[in-house]
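Step one of this worksheet: look at the structure below.
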Amino acid sequence: MNPQMRNPVEAMYPGTFYFQFKNLWEANNRNETWLCFTVEVIKQRSTVSWERGVFQNQVDPETHCHAERCFLSWFRDNPLSPKKNYQVTWYTSWSPCPECAGEVAEFLARYSNVQLTIYTARLYYFWDTDYQEGLRSLSEEGASVEIMGYEDFKYCWENFVCDDGEPFKPWKGINTNFRFLERHLRKILQ
DNA sequence: ATTTTCAAT
């Protein structure tokens, strides 16, 4: 079995979510990336079925794998059928690195039946031109790349966190940080 | 207006 072939988990703990997804400037020590996803099978204009889950990057040297590649290897081997149309949505704590962006762009070019929307909490190495180019290549392959806002964080909390019925508690600066990241992303993608 | 990051010490 391919060591990269990991199945997603169903949910994160609240502490993991708040720590990993916070869009703070002082986002130190977020040496992990978490990726929540939904996969919807689309027929005409109505969704017929969907599934969801959470991937984390694999840090073990044996299975080392960025979260995006964990998703792709799972998706290729599990629900993906060339006869169906998919809407895939990601909520990631960091945006993709150039290598993953290239691989995802290739994936999208090959599977025109897959539509991808990426919401990212923070921009990974946003000042680096290679990382910027990676985001543009995704956009050029038709992926929609967005910054996670209040409603997206709330959606993740409600759908990917073992929240025990606790409501989502936004942190200080969630909206101003979102707006700043939005401006950055728009500049990168234009 | 602002962060140093899918670890390596």
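Only this structure's heavy atoms are used, side chains among them; waters, hydrogens and symmetry mates stay out. All chains are named by letter (A, B, ...) in the order of the sequence lines, taking the proteins before the strands, and each is independently numbered beginning at 1. Quick caveat: nothing in here was measured; it's all calculated off a predicted structure.
- Phosphate contact (OP1/OP2 of B:dA7, side-chain N/O of A:Asn57, threshold under 4.0 Å): present.
- For B:dT5 and B:dA1, the P atoms lie 23 Å apart once the distance is rounded to whole Å.
- Atom CG in A:Leu24 sits roughly 14 Å away from atom C1' in B:dT5 (whole-Å rounding).
- With rounding to whole Å, A:Phe19 atom CZ is found 12 Å from B:dC6 atom P.
- Between the OH atom of A:Tyr125 and the P atom of B:dT4 there is a distance of 11 Å, given to the nearest Å.
- A:Asn23 places its CG atom 15 Å from the C1' atom of B:dA1, with the value rounded to the nearest Å.
- Using atom C1' as the reference point in both B:dT4 and B:dA8, the two lie 14 Å apart (nearest Å).
- Within the 4.0 angstrom heavy-atom criterion, no nucleotide atom of any strand lies near A:Thr92.
- A:Asn31 has a side-chain polar atom (N or O) that falls below the 4.0 Å cut-off from OP1 or OP2 of B:dC6.
- Looking at A:His64 and A:Gln58, their side chains never come closer than 4.5 Å, going by heavy atoms from C-beta outward.
- A:Trp94 has its CH2 atom 8 Å from the P atom of B:dC6, to the nearest Å.
- Side chain of A:His66, nearest nucleotide from B:dT4, B:dT5, B:dA7: B:dA7.
- Within 3.5 Å, no donor on the side chain of A:Gln58 pairs with an acceptor on the base of B:dC6, nor the reverse.
- A:Arg186 and A:Glu182 are joined by a salt bridge, as a carboxylate oxygen and a charged side-chain nitrogen come within less than 4.0 angstrom of each other.
- Residue A:His184 places none of its side-chain N or O atoms closer than 4.0 Å to OP1 or OP2 of B:dT2.
- Not less than 6.0 angstrom separates the ring centroid of A:Phe17 from the ring centroid of A:Phe160.
- For A:Asn29 and B:dT4, the CG to C1' distance is 11 Å, given to the nearest whole Å.
- Looking at heavy-atom distances under 4.0 Å, A:Leu181 makes contact with a base.
- Within the nucleic acid shown, A:Trp34 has no heavy atom closer than 4.0 Å to any nucleic acid atom.
- To the nearest whole angstrom, the two C1' atoms, one in B:dC6 and one in B:dT2, are 23 Å apart.
- Counting only heavy atoms from C-beta on, A:Phe126 has its side chain closest to B:dT5 among B:dT2, B:dC6, B:dT5.
- The separation between A:Asn28 atom CG and B:dC6 atom P is 12 Å, rounded to whole Å.
- Aromatic ring centres of A:Trp171 and A:Phe153 lie closer together than 6.0 Å.
- When the P atom of B:dT5 is taken as reference, atom CD of A:Gln56 falls 17 Å away, rounded to whole Å.
- We find that A:Arg136 and A:Glu133 are joined by a salt bridge, their nearest charged nitrogen and carboxylate oxygen being less than 4.0 Å apart.
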